[in-house]
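Here's the structure, in structure tokens; my notes come after.
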Amino acid sequence: MFKNYIVLLFVFTWFCHLTAQPKKDKIGVNIDWHSFLEKQDMIWTKMPLNYYEGPFVGNGLLGTVFFKDTILPNTIAFEVGRTDVYDHRTPEQIKDKYPWPKVRLPIGKLLLSTKGSIKSINFRTHLWDAEITGTIVTDKGSLDLICYTPTDEKIIVLKYKGYNGEVSSYVSFRPEQGNSARPPRRPMAGKVYEPNPPFLVTKQDDIQIITQPLLYGDDYATAWNQKKETSGFTSVYITVANKWAENIKPFKGSNLVAIEQLKIARKKDEMKMLQNHRKWWHNYYTSSFISIPDERIESFYWMQLYRLGSAGRPDQPVIDLLGPWYKPSVWLSIWANLNLQLTYYTTGVTNHLDMEEPYFKMIEKYQNQLINNVPKDFQNDCAALQTVVMFNDLSGNVFLTNDSSSKQRMSLIALPWIMQQFYLHYRFTMDEKRLQKSIYPLMKRAFNVYLRVMYKGEDGKYHLPLTFSDEYGEDKDVSMNLALAKWGFKTLISCAEKLKIKEEALPQWKEFVQNIASYPVDDRGIKIGQNLSFDRPHRHYSHLFSIFPLYDLNVNDNREDLLLMEKSINNFTDLDGDNCMFKFTGASSLWSAIGNGENALKWLQRSLQILPYKVPTVTANGFYSEHGWPTFESPIAATRSLLDMMLQSWGNTIRVFPSMPSDWKEAVFYNLRAEGGFIISAKRENGKTSWVNIKSLKGEPLQIMVPDWKEELNYAFDSSCLKKISEGLYRITLKKGESIVLHPKDKKLNFIIEPIASPNSFHWGLN
């Protein structure tokens, strides 16, 4: 009897031990990725007429977008671009000449001409494999084409095959003179632009080479050839070499490098090259997953993920306003007061942290330039960044002064906002080595600027002298800079404590945070600054940074602050005018930040409207036209707006489905990232969160909120691991690598990730 009792006790203890452990990841994934993404493919049954309508491919360095040629009849033009083909004149070289020395330069167009008149086309961008296939029908026959930019290769591939009267279709190349497109579009009185020397066309065997010399040295070169394959297709390979950008010495001429690149590519097994290309894209897509009951927005999300993967890669330059595709524009560089930041707004949340590396490595690599940008008496503890920069040159003097009576404004936003995003990169990875070695020291310098320029008023508060509020105007106590400064020093305090650093400035930071001036407000809500109300339409939501993306004012605040936030956001959107896509995406994320899903969806939908609005919005191919000029970032910001409705992590709390519109009864996401190094998956059914899966990568403290959970949760682990703080808010203890599934009690559920069922699909493009 006693022995039986011992055995039973052992079994019971063993059972309790099992149930006291956090659940292993019990969710299943039922996604046919090829079929799912096929429903999101972009399709063209109408001829694209320009850059904003054409199919595109890219591999983070080289890219092409194609459309009907404007010069030759029955010809499709493939505009060739390379991300780092920049002019790089120095301030000393331009002296009093046209003052935009560092800009993207054109390369040229590959031309596919048919023998007959084009009657119809049918192109498809296959997202899953990142390839375009298509058919052109003429009055003499037809033509099949394939286009892609292989991963890890410096070539663009175009393949075509003619039938009947189109067997003699042909390809040619039209070089474009490598001059800045800005001067003729934005001339400046008395400022003369010096053109680069004419390009040179040469030939070596079957390779045509176009070399573009630059006025003050260096060059870039294009090389291409075509070969007939046994399949009947003609394969065209085109490459662009830019020795200066790659900083390879000794400089032997980009034309020789281009020839070498082309020959190397031709020797490779194309099938293996294609397999490697597809493998990269398949891994990229499957890093995370979302599905919603809105086919148009869902398709837009996946199309933008394709666009982002085409424009940037972990080992390629940071994405500028054009991406790897070229179009004449007045904005031909990197703008660091919003555009750069919005470009990388989703990469952390979507579990593509490696895609952020070019962005943050650029800041790390050129930090000496950031220090040299500030006046000498600031250089011992400060750093700053101009608004307009280049991927490998962040130099440019930034005006700073500690004279509170100065009448010259200071532009401060660029580096502090970048460092806020760099810190979030740490929060997603919890890489303390990088925090200590790189992020924390750079943050100190970026935010010390505020300490150096702010002054203590008679009220005992720290105030800002004249600073610029992008892009509205200047004032004292600009709300944008007050929000950044407050966030920065709170975060520096947290970092110092986390890293156990004996920071001499810690008492000063704490005193600063406690006594910084309040945000200026009036009957419209948060003002631009001390004396400047937000009383005219404007696109940039910089004055509302305290709400989003910094969450200094948030839904946890009192009723009075919540009313202030609502009033401020309404004022921002009610003033109709100066409309642009990032105004609408900003409005969506602002409403999401305070949990208003109806307005979040309203403004997200507004950002994706093409007609009947005659203001800048997203274009047919998912690009964006800002008064005729391309800017890369705004469509990406729209995908961030969608993600903000589904998952937020700030204030040491993860929020699941925090801002869902009532019409979206179902939604699902898989492997999204949250601060603290957590991987989150969740499902919403019948208008309510049915379950949440959490995996801890670093064993950090976890607090999670599911706003629509009222009842007790079902969990099979030690109750001390989970503590209910309030309705829908829980504190959970997980070790590194552990996973749990939470769901309302007494519900039998299948923890399966699969697309939201829909009988319809939506295809961007022209169809």
Side-chain angles (χ1 to χ4, degrees), residues 50-53 182 185-186 297 300 303-304 307-308 311 319-323 325 327-346 387-388 413-414 417 468-473 480 528 534-545 547-549 568-593 599-642 644 764:
N50 55 52
Y51 169 96
Y52 295 113
E53 294 181 349
R182 185 180 173 91
R185 291 162 177 81
R186 291 280 176 89
I297 295 177
F300 177 82
M303 178 255 287
Q304 289 303 319
R307 181 169 166 267
L308 185 64
I319 303 170
D320 62 11
L321 265 71
L322 298 180
W325 313 284
K327 186 186 187 303
S329 172
V330 298
W331 300 319
L332 294 156
S333 303
I334 295 170
W335 261 249
N337 65 335
L338 175 137
N339 310 76
L340 178 59
Q341 288 87 341
L342 297 195
T343 293
Y344 291 92
Y345 241 19
T346 65
T387 295
V388 183
I413 185 175
W417 193 3
F468 186 49
S469 182
D470 296 68
E471 299 166 340
Y472 195 99
M480 172 195 72
I528 293 294
F534 192 90
D535 57 7
R536 58 180 170 83
H538 187 61
R539 63 186 56 199
H540 206 308
Y541 51 92
S542 56
H543 68 299
L544 302 180
F545 269 20
I547 305 171
F548 175 82
S568 302
I569 302 169
N570 274 320
N571 183 51
F572 173 60
T573 54
D574 286 349
L575 294 170
D576 188 31
D578 194 30
N579 293 323
C580 71
M581 191 176 184
F582 72 70
K583 176 179 179 178
F584 307 136
T585 63
S588 177
S589 288
L590 283 161
W591 283 116
S592 277
N599 279 338
L601 177 58
K602 169 187 171 181
W603 290 104
L604 174 57
Q605 290 173 328
R606 175 64 184 88
S607 76
L608 300 185
Q609 289 295 330
I610 299 176
L611 294 173
Y613 302 100
K614 298 188 183 301
V615 296
T617 50
V618 67
T619 60
N621 62 355
F623 282 20
Y624 175 62
S625 170
E626 183 73 40
H627 304 301
W629 319 125
T631 61
F632 182 86
E633 79 298 317
S634 292
I636 301 300
T639 63
R640 170 61 189 264
S641 297
L642 171 58
D644 284 335
W764 289 78

For the backbone of [Y] and the side chain of [X], can you confirm whether one donor and one acceptor N or O come within less than 3.5 Å of each other?
X: Y541; Y: I569; answer: no
X: S589; Y: G586; answer: no
X: T585; Y: F582; answer: yes

Test W331 against E626 for side-chain contact (heavy atoms from CB on, under 4.5 Å), laying out the working first.
CA-CA 10 Å; W331 300 319; E626 183 73 40; 3.5 Å; yes
Holding to side-chain hydrogen bond (donor to acceptor under 3.5 Å, both in side chains), I want the full list of residues that pass it with [X], two or more places apart in sequence or in another chain.
X: N50; value: none
X: N339; value: E633
X: Q341; value: none

Among L322, L321, V388, side-chain contact (heavy atoms from CB on, under 4.5 Å) partner for L332:
L322
Could you check if a side-chain atom of F534 sits within less than 4.5 angstrom of a side-chain atom of S568, using non-hydrogen atoms only?
no
Donor + acceptor pair across side chains of Q609, R606 (<3.5 Å):
no
Regarding D470 and S542, is there a side-chain donor-to-acceptor distance under 3.5 Å anywhere?
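Side chains of D470 and S542: no pair found under 3.5 Å.
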Can you classify the ring geometry of H540 versus H538 as parallel (below 30°), tilted (30 to 60°) or perpendicular (above 60°)?
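The arrangement is parallel - the two ring planes meet at less than 30°.
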Calculate, to the nearest 0.5 Å, the distance between atoms CG and CG belonging to N599 and N570 respectively.
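Between N599 CG and N570 CG, I get 7.0 Å after rounding to 0.5 Å.
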Per the ring-ring contact (aromatic ring centres under 6.0 Å, His included) rule, which among W629, Y51, F632 passes with F623?
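Result for ring-ring contact (aromatic ring centres under 6.0 Å, His included) with F623: Y51.
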